[in-house]
2 protein chains.
Amino acid sequence: MFSKACEYGIRAAIYIGQQSASGRRVGLKDIAAEIDSPEAFTAKILQQLVRAQLLTSVKGPAGGFELTPEQLRTVTLRQLVVAIDGGAMLQGCALGLPQCSAQQPCPMHYQFLPIRDQLNELLRTHTIGELASKVQEGLGFLKQFG
Amino acid sequence: MFSKACEYGIRAAIYIGQQSASGRRVGLKDIAAEIDSPEAFTAKILQQLVRAQLLTSVKGPAGGFELTPEQLRTVTLRQLVVAIDGGAMLQGCALGLPQCSAQQPCPMHYQFLPIRDQLNELLRTHTIGELASKVQEGLGFLKQFG
DNA sequence: TACATACCGGACAATTTTATCCTTTAATTT
DNA sequence: AAATTAAAGGATAAAATTGTCCGGTATGTA
């Protein structure tokens with residue numbers, strides 16, 4: 001569905017959000033350990049997200065990554081996905097036609113449309129803060145335990 | 001959504017199906033031209049599909065690819081996708097957790113489930129023959145014209 | 001049998017994605 | 001100011017995906 005980079009990015013953002021909600025700033029090493037991702041690769045993805053202003057970073061001692069209250073409240077899953085994977089997967093034709101539309105639809109165009117719409121809606125309506133809360137409450141996990 | 005290989009494979013299968021429904025066997029060159037795909041790469045994918053017995057090939061002069069009436073009727077989009085991309089995308093966790101389930105769900109688990117179910121259902125309930133008919137009737141396209 | 005056709009299969013090449021390493025930059029502490 | 005901490009950024013490497021090439025094999029035709 002999403003690229004590895006996107007999966008790591010989303011999990012990282014949620015973990016950072018969870019800690020930010022408790023007033024804790026977190027470092028790369030901590031993040032990678034908590035979401036079970038390769039550290040250096042995760043760093044690259046977080047850089048992207050910081051540049052896209054979807055999360056915030058602070059250098060130096062006691063530095064790390066965090067989400068501002070506003071970011072927690074407003075940054076959606078969709079913004080993360082677009083920042084990392086681009087919009088292609090959320091818009092492009094399932095069969096790969098470069099200009100699939102009602103004018104010249106692929107044979108699955110109208111069947112895929114509602115599913116893609118639902119996916120877009122799903123991503124658009126879930127904020128990092130909301131998902132972070134779910135993890136905080138033990139109702140969701142960012143890596144496998146046990 | 002799907003890999004390039006999968007996109008080409010589906011488009012090719014539908015085109016072969018369309019021609020088979022009219023009693024025509026088609027060659028690789030024809031296929032690649034009609035679905036706008038790289039010829040040699042398409043050949044590899046078709047080989048896979050022949051091995052998986054989702055379509056049929058005949059060597060030699062007047063040879064080529066075809067779908068038997070039974071294949072037209074019974075082979076589903078889902079079988080193509082599984083043969084080419086494997087089942088991961090149809091089952092795996094959206095956030096990449098290796099064992100995401102009700103026991104330890106990712107924060108999006110229950111939200112993604114219905115969408116994935118719909119996608120599976122969609123792929124499962126559409127046969128190549130059905131999609132080929134749609135193309136035959138001019139209601140669907142396998143490449144961009146004009 | 002000889003020949004032409006067209007898929008098959010293996011090797012290889014290019015590109016993209018995933019991943020690592022190391023130096024630089026910024027910020028805090030001593 | 002010096003030392004320490006941690007992210008930023010660049011270069012590089014490994015792996016997967018996408019794509020090409022070419023000889024081999026099966027099949028039909030003359």
Side-chain angles (χ1 to χ4, degrees), chain A residues 1-13 15-16 19-20 24-33 35-67 81 83-86 88-89 92 96 98, chain B residues 1-13 15-16 19-20 24-33 35-67 81 83-86 88-89 92 96 98:
Chain A
M1 180 94 86
F2 304 122
S3 69
K4 283 280 178 198
C6 201
E7 292 175 356
Y8 298 149
I10 294 172
R11 303 218 302 272
Y15 174 68
I16 297 166
Q19 297 304 309
S20 291
R24 282 186 291 274
R25 189 180 287 162
V26 288
L28 177 61
K29 191 162 297 191
D30 184 13
I31 296 168
I35 70 170
D36 211 359
S37 70
E39 199 176 309
F41 189 44
T42 305
K44 292 297 182 196
I45 301 158
L46 293 182
Q47 277 178 44
Q48 272 186 268
L49 297 180
V50 169
R51 276 195 293 265
Q53 304 187 7
L54 302 181
L55 51 88
T56 306
S57 70
V58 178
K59 288 186 179 180
F65 298 89
E66 65 186 4
L67 275 88
V81 171
I84 300 171
D85 279 356
M89 130 113 238
Chain B
M1 179 96 82
F2 304 123
S3 67
K4 283 279 177 198
C6 200
E7 292 175 356
Y8 297 151
I10 294 172
R11 301 218 304 269
Y15 175 68
I16 297 167
Q19 298 302 310
S20 292
R24 282 186 291 274
R25 187 180 288 160
V26 287
L28 176 60
K29 190 162 300 192
D30 185 12
I31 296 167
I35 70 171
D36 212 358
S37 69
E39 200 176 309
F41 189 43
T42 304
K44 293 295 182 201
I45 301 159
L46 293 181
Q47 278 177 43
Q48 272 187 266
L49 297 180
V50 168
R51 276 194 294 266
Q53 303 187 7
L54 302 181
L55 51 87
T56 306
S57 69
V58 178
K59 288 185 180 181
F65 297 88
E66 66 187 3
L67 275 90
V81 171
I84 300 172
D85 279 355
M89 131 114 237

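A, B, ... follow the sequence lines: proteins, then strands. Residue 1 opens every chain.
In this structure, I31(B) atom CD1 and dA6(C) atom P are separated by 12 Å, rounded to whole Å. If you measure from atom CG of L49(B) to atom P of dC8(C), you get 11 Å, rounded to the nearest angstrom. Distance D85(A) CG to dT17(C) P: 9 Å, rounded to the nearest Å. If you measure from atom NZ of K4(A) to atom C1' of dT16(C), you get 16 Å, rounded to the nearest angstrom. Across the protein-nucleic acid pair, E66(B) atom CD and dA6(C) atom P stand 14 Å apart, rounded to whole Å. In this entry the distance linking CZ of F41(A) with P of dT16(C) reads 15 Å, nearest Å. In this structure, I45(B) atom CD1 and dG9(C) atom P are separated by 15 Å, rounded to whole Å. Taking atom CD of Q47(B) as the reference point, atom P of dA11(C) lies 14 Å away to the nearest angstrom.
Nucleic acid contact for R51(A): sugar-phosphate only, since backbone atoms but no base atoms lie under 4.0 Å from a heavy atom of the residue. Heavy atoms of L28(A) sit under 4.0 angstrom from primed sugar atoms or phosphate atoms, though from no base atom.
Within a 6.0 Å sphere centred on CD of Q53(A), heavy atoms belonging to other residues, nucleotides or ligands number 12 at most.
Residues passing the side-chain contact (heavy atoms from CB on, under 4.5 Å) test with A83(A) are L49(A), A52(A), L54(A), sequence neighbours excluded. Under the rule for a side-chain hydrogen bond (donor to acceptor under 3.5 Å, both in side chains), S57(B) has no partner lying at least two apart in sequence or in another chain. Under the side-chain hydrogen bond (donor to acceptor under 3.5 Å, both in side chains) criterion, D30(A) pairs with Y15(A), sequence neighbours left out. With sequence neighbours left out, the side-chain contact (heavy atoms from CB on, under 4.5 Å) criterion links E39(B) to L28(B), K29(B), A32(B). Partners of S37(A) according to the side-chain hydrogen bond (donor to acceptor under 3.5 Å, both in side chains) rule, which considers only residues two or more places apart in sequence or in another chain, are T42(A).
For residues 41-66 of chain A, the pairs satisfying salt bridge (charged side-chain N to carboxylate O under 4.0 Å, His left out) are R25(A)-E66(A), with sequence neighbours left out. Applying the ring-ring contact (aromatic ring centres under 6.0 Å, His included) rule to pairs touching residues 38-58 of chain A yields Y8(A)-F41(A), sequence neighbours excluded.
Each of S57(A) and P38(B) has a nearest nucleotide on DNA chain D; the 5'-most of these lies closest to S57(A). When each of C6(B) and V58(A) is assigned the nucleotide of DNA chain D with its nearest heavy atom, V58(A) is the one assigned upstream, toward the 5' end.
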Tabulate atom names and distances for all N/O pairs under 3.5 angstrom spanning the protein and nucleotides 21-26 of chain C.
unit_1	atom_1	unit_2	atom_2	d
dT25(C)	O2	K59(A)	NZ	3.4
dA26(C)	O4'	K59(A)	NZ	3.3

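Close approach of DNA chain D to chain B, defined as any atom under 4.0 Å from a non-hydrogen atom of the protein, starts and stops at dT18(D) to dG28(D).
Contact between L67(A) and S20(A) at its shortest, heavy atoms only, is N-OG, 2.8 Å.
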